[in-house]
Amino acid sequence: MTERYNIKECEAKWRAKWDDNNCFEAHEDADKEKYYVLEMFPYPSGRIHVGHVRNYTLGDVVARYRRAKGYNVLRPMGWDAFGLPAENAAIDRGVHPAKWTISNTAEMREQLKSMGLAIDWSREITTCMPEYYRHEQKMFLRFLKNGIAYRKESIVNWDPVDNTVLANEQVVDGKGWRTGAPVERKKLNQWFLKITDYADDLLEGLEALDRWPEKVRTMQKNWIGKSQGLKLNFTIFHPEQSEGSQNKGEDFSANPEMTLEVFTTRPDTIFGASFAAIAADHPLAEKLAGEKEGFADFIRQCQATGTSEAAIEQAEKLGFDTGYTVQHPFLEDVKLPLYIANFILMDYGTGAIYGVPAHDQRDYDFAQKYDLPIKQVIDHDEANTEQEAYTGAGKLINSDFLNGLDIENAKAEIIKQCEELGIGEGTTQYRLRDWGISRQRYWGCPIPVVYRESDGACIPVPEDQLPVELPEDIDFSKPGNPLDNHPTWKHTTCPQTGQPAIRETDTFDTFFESSWYQFRYCDPHNETEPVGKDKSDYWMPQSGGVEQYIGGVEHAVLHLLYARFFTRAMKTCGYVSCDEPFLGLFTQGMVTHETYQDTDGKWLFPYEYEALNDKSVAKVGPSIKMSKSKKNVVDPEDILDTYGADAARLFILSDSPPERDLEWTESGIEGAWKFVNKLHRIISDSIDNLPGANTPKPSDFSEKASELRSVSHKTINGISKSIEDFAMNKAVAQMRELSNAISSFRPEGETDQWALRESFEILIKLINPMMPHLAEELWSQLGHENLLTNEPWPIADESLLKEETVTIGVQVNGKMRATINIAMDANEETAREAALAQDNVQRTMDGKQIRKFIYVPGKIVNLVIG
RNA sequence: GGGCGCGUGGUGGAAUGGUAGACACGUUGGAUUCAAAAUCCAAUGCUCUUAGAGCGUGAGAGUUCGAGUCUCUCCGCGCCCACCA
């Protein structure tokens, strides 16, 4: 009997050994196949949470497995270090953001290290350091030269609590994604990146990402939102001209101010149009209706309608009749009334539509309210335009030259006609907008441009004057942008003329940093370039970037789309050759925990609930995502301290498939801890009787030894496949099965002992990616001098994988009645005899004839009787 | 409103169209112990009286020799998007 496994000491010992031997440092090696594993880097909030533990454990299994398989693995780590919490800490506690951030990274680095992760720490990056952000300033200048970055005045989403601009992606239900405050609209000069130039490429690229979850690809596809349609020009008529007059001789089409451009994806329904409408903030709205009575009220009403889903759901369709009309392009006698309507969005299409009530529900509602004609132009059995709009397939009717065509052909025909007449053209429209990257914050990368005071010219800061560093003496007591408030920092001179100039006081959106960090890891200490081409071409060549990227699904359209865009932009600028940054993507589920509430609805900590003598004054709530306010957070440091890294890792891998939510339970982590101890005990108890490490393989084995060997070798392939499939819970199950087989094995004699040692060694190698400390310890206890971490993955002996006999089911008319044990390759006759020999089969057959006999070797026998 | 996904024991979850419930958690009984913890052994889908039989993957239909798995309809849940013309 060996002494009890001292988890803490032992784990620390092996971590030190890996460090001393630089086990996980990656080097470019053209002779080895590379494998780049990356997990989304953390924001240095100060402490790791269980979600991090899950994320990095998954990555560690992949990294250690691939390493053992002989790949040249790159597995780096860093800090997504710019962001608002640092500024909030500065405001709340008076700590400087830099100091707060850096001390947080120090703490979290130690926490991560205590998990025993196979990380190349020599490549660590921290995005708030000038060594990192100077490169993105240079990159920005190159983006400018290549027309990828530009500046324009625009209406932006303004978060009144954080006092900053938000990207569309950061507005959720009309509220700021962090503060939850209703977003306001504000006009500002902002920097943008032309992500829309790459819209089509980003969309097409999704096709090739077959190792991405379908869900994420769909979300990106919907976000890009490509739709084909027609842009069509209508001529606008003055109220006097249209009012029942025969005056249609006047040609306004030559007057661009009096034409209205609309966008539609259903040009086929043009003959069903009964009105036109523009957005409240359309430039023509003020011009056509500004003087009219009630207009100001109407605009106010439009703005008052919230953008939350509930508001939209219930919002009535509201219109304001301008009195103007537009000429129907194909029906000379028809002039459509022109409305300003609250359901038209200025920032999609042209901010103007023509309404076809019979075939669009919104137009239908609008037409009902304002008593406009509902003219059906698509015929189908299911269409009932008395009741609601019909949007399905059908044939064109009431549509002159389009009659009889199906929708697709009608679209093509009408677009052709419009193009020939010069009144419209077929176009592609995207939902995706350019990415606004200006933020009125201190703790971000300064945008490296200055504005000359004399003429306001925007001058890029020359490369040799970079980086533009953040000032350290900063005052957070005043509201607004601290950089703007700084007494001296923004005052500088024009690098071209030497005249006084003002620095850009906005900083980059922090998604900027995380859009290219995957490249920086390839060459983290390069002083002149973001990444050396030789390095990026080795780790992220044209044909492939990161082999396996792992993170939360919440980044499906933000970070993951930006990073794909950046990869293309960087390629355009000649930095890299790679088309896609992440070839494989795995999105993990959340970690949840039970909640506890007392009868007043007050949340309780688990220990508070446990301490209650009378449990009826509180109730156990559902297991939901851990959050401070719900008091159901588990601190990984406590877990690592109590149970050790291996137990924590094992539990997090074992209970649920990684893509699903995982419920954190006390009993679960305890079960994992017990298993760690059990495995240690099993091996320690057997060790004295095992043959030495390099004892030659015996030629014959007992039956039970052969069976054990067969199980062990099958498990090699089983676990390998499970890890490659990201089915870590199944890998754990298989590992436990093998350990159960081993612990019930009673060796008798030398060859049995040899087989036992072989199975131990296989098991140890297989658990290594999941529980590396324990594996390393057991490996050394078995008498090995080298590090297990440097051992290759075991290879299954093919001859042990074959099944000689198999137990298969016997069905009668498809119902299971018995099982038989026959040779794997037994012929049909043998199977029939064995099946018919079963009492239960005979009884069920009840003397009836066999009409059909089905035998699938190794699978099933089915007797069809009757 | 649109899109995607999911419904399997008391619980987490396994099942290339072929023995449903692997592996665990929990529970029950037993061994060990002065006692407890830990450990070990056994049982554990449901129903019926044990040997045994019947029924079972949200509901209903279909395809098939055979369906948790494929198809359709319905019910329930979750996520994402959303006045996107």
Side-chain angles (χ1 to χ4, degrees), chain A residues 4 172-173 213-219 221-223 225-227 229-230 262-267 269 277 279 305 307-309 311-313 315-318 341-345 347-356 359-363 365-366 391 429-433 553-554 556-557 589 623 651 654-657 659-663 665-672 674-675 677-678 681 727 729-740 743 806-820 840 843 851-856 858-865:
Chain A
R4 201 187 163 88
V172 181
D173 289 346
E214 190 59 45
K215 187 169 84 174
V216 175
R217 290 199 281 172
T218 307
M219 282 166 71
K221 194 175 160 210
N222 292 341
W223 194 264
K226 180 180 185 172
S227 45
L230 170 70
V262 305
F263 173 74
T264 179
T265 55
R266 292 295 304 275
T269 62
T305 314
T307 42
S308 76
E309 78 267 57
I312 287 163
E313 196 89 12
E316 214 181 339
K317 302 279 176 288
L318 291 177
N342 65 343
F343 65 99
I344 312 300
L345 305 174
D347 47 7
Y348 182 78
T350 60
I353 61 143
Y354 65 77
V356 185
H359 304 291
D360 182 293
Q361 192 56 44
R362 290 158 304 180
D363 297 349
D365 296 344
F366 191 80
T391 54
Q429 197 67 42
Y430 297 93
R431 211 190 77 117
L432 185 71
R433 317 279 149 74
V553 73
E554 66 272 19
V557 279
S623 191
F651 170 58
S654 58
D655 255 26
S656 298
E659 68 277 13
R660 263 192 247 177
D661 286 355
L662 168 75
E663 185 180 357
T665 59
E666 240 358 76
S667 57
I669 180 70
E670 263 170 35
K674 282 180 194 171
F675 182 76
N677 285 297
K678 181 180 158 186
R681 194 173 54 244
N729 57 324
K730 285 197 261 172
V732 170
Q734 290 167 88
M735 169 204 90
R736 295 185 97 128
E737 276 180 88
L738 177 55
S739 114
N740 289 346
S743 66
V806 66
T807 307
I808 63 172
V810 180
Q811 301 178 330
V812 178
N813 281 350
K815 282 208 185 269
M816 274 293 301
R817 296 298 173 185
T819 56
I820 52 173
N840 204 28
R843 201 176 319 131
R851 289 205 313 202
K852 195 168 178 184
F853 179 81
I854 288 148
Y855 170 52
V856 184
K859 300 278 187 193
I860 202 83
V861 168
N862 192 6
L863 303 164
V864 187
I865 60 163

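Chain identifiers are assigned alphabetically (A, B, ...) following the order of the sequence lines, protein sequences preceding nucleic acid strands; residue numbering begins at 1 within each chain.
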In whole Å, what separates the P atom of B/G58 from that of B/G68? 10 Å
So which nucleotide does B/G12 pair with, by the Watson-Crick or G-U wobble rule with both distances under 3.5 Å? B/C23
Provide the closest heavy-atom pair for A/T665 versus A/F651 in the form atom of the first, atom of the second, distance. N-CZ, 3.7 Å
The Watson-Crick or G-U wobble partner of B/G52, with both key distances under 3.5 Å, is B/C48
Smallest separation among heavy atoms of A/A556 and A/M219, with atom names: CB-CE, 3.5 Å
Per nearest nucleotide of RNA chain B, the residue lying toward the 5' end, A/V553 or A/R362, is A/V553
Nearest-nucleotide wise, let me know which of A/N840 and A/F263 is further upstream toward the 5' end of RNA chain B. A/N840
How close do A/S654 and A/N729 get, heavy atom to heavy atom, and via which atoms? O-CB, 3.3 Å
Could you tell me whether a side-chain N or O of A/N862 sits under 3.5 Å from a main-chain N or O of A/G814, the two making a donor and an acceptor? yes
Flag the pair A/Y354 / A/D363 as yes when at least one side-chain heavy-atom distance between them is below 4.5 Å, and no otherwise. no
Nucleotides 60-63 of chain B: which of its N/O atoms have a protein N/O under 3.5 Å away?
none

Under 3.5 Å, side chain of A/N840 to main-chain N/O of A/A818, donor-acceptor pair present? no
Both conditions, 6.0 Å and 45 degrees, for the charged tip of A/K317 above the ring of A/F366: are they met here? no
How many angstroms lie between CD in A/E670 and NZ in A/K674, if you round to the nearest 0.5 Å? 6.0 Å
Rounded off to whole Å, could you give me the CE-to-P distance for the A/M816 and B/U19 pair? 8 Å
Would you say A/R817 places a side-chain N or O within less than 4.0 Å of OP1 or OP2 belonging to B/U19? no
Rounded distance in Å between the C1' positions of B/G60 and B/A67: 15 Å
Polar atom pairs between nucleotides 39-50 of chain B and protein, under 3.5 Å, N or O only, would you list them?
from  : atom 1 : to     : atom 2 : distance (Å)
B/U39 : O3'    : A/R681 : NH2    : 3.3

I need the CD-P distance between A/Q361 and B/C84, as an integer number of Å. 12 Å
Test salt bridge (Lys or Arg N to Asp or Glu O under 4.0 Å) applied to A/D360 and A/R266, step by step: CA-CA 10 Å; A/D360 182 293; A/R266 292 295 304 275; over 6 Å; no
What is the separation between atom CZ on A/F366 and atom C1' on B/A85, rounded to the nearest whole Å? 13 Å
Distance between the P atoms of B/G7 and B/G13, in whole angstroms? 10 Å
A/K215, NZ: over 12 other non-hydrogen atoms inside 6.0 angstrom: no
What's the gap between B/G21 and B/U16 when it is taken at their P atoms, as a whole Å value? 13 Å
For B/U64 and B/U28, measure between their P atoms and round to the nearest Å. 50 Å
Atom C1', compared across B/A20 and B/C46: separation rounded to whole Å: 14 Å
Closest non-hydrogen atoms of A/I865 and A/N813, given as atom of the first, atom of the second and distance, are N-OD1, 3.0 Å
Whole Å only: how far is the CD atom of A/E670 from the P atom of B/A38? 8 Å
Taking pairing as Watson-Crick or G-U wobble with both contacts under 3.5 Å, can you name the mate of B/U39, or confirm there isn't one? B/A31
To the nearest angstrom, how far is A/N677 atom CG from B/A37 atom P? 17 Å
If I take atom CD from residue A/Q429 and atom CZ from residue A/F263, how far apart are they, to the nearest 0.5 angstrom? 4.5 Å
By the Watson-Crick or G-U definition, both distances under 3.5 Å, B/C72 is matched with B/G60
To the nearest angstrom, the OH-P distance between A/Y348 and B/A85 comes to 4 Å
So if I take every side-chain heavy atom of A/N740 and compare against B/C84, B/A24, B/A82, which nucleotide ends up nearest? B/A24
Tell me whether B/G5 sits syn or anti, counting syn as a glycosidic angle within 90° of 0. anti
Here the pair of heavy atoms bringing A/G858 nearest to A/V806 is CA-CG1, 4.0 Å
Closest heavy-atom pair and its distance - A/T350, A/V262: OG1-CA, 3.3 Å
So what does A/I344 hit on the nucleic acid, given a heavy-atom distance under 4.0 Å: a base, only sugar-phosphate, or nothing? base
A/S227 vs B/A85: side-chain N/O to OP1/OP2 distance below 4.0 Å: yes
Could you write nucleotides 3-18 of chain B as a row of B, S and -, 5' to 3', where a protein heavy atom under 4.0 Å of any base atom gives B, of only sugar-phosphate atoms gives S, and otherwise -? S--------SSSSB-B
Could you tell me the separation between the CZ atom of A/R431 and the P atom of B/G2, rounded to a whole number of Å? 17 Å
How far does the C1' atom of B/A14 sit from the matching atom of B/U57, given to the nearest Å? 13 Å
Provide, to the nearest angstrom, the distance between the CZ atom belonging to A/F853 and the C1' atom belonging to B/C65. 12 Å
Checking base pairs now: Watson-Crick or wobble, both atom distances under 3.5 Å. What partners B/A82? none
Can you tell me, in whole Å, how much space there is between the C1' of B/U69 and that of B/G17? 7 Å
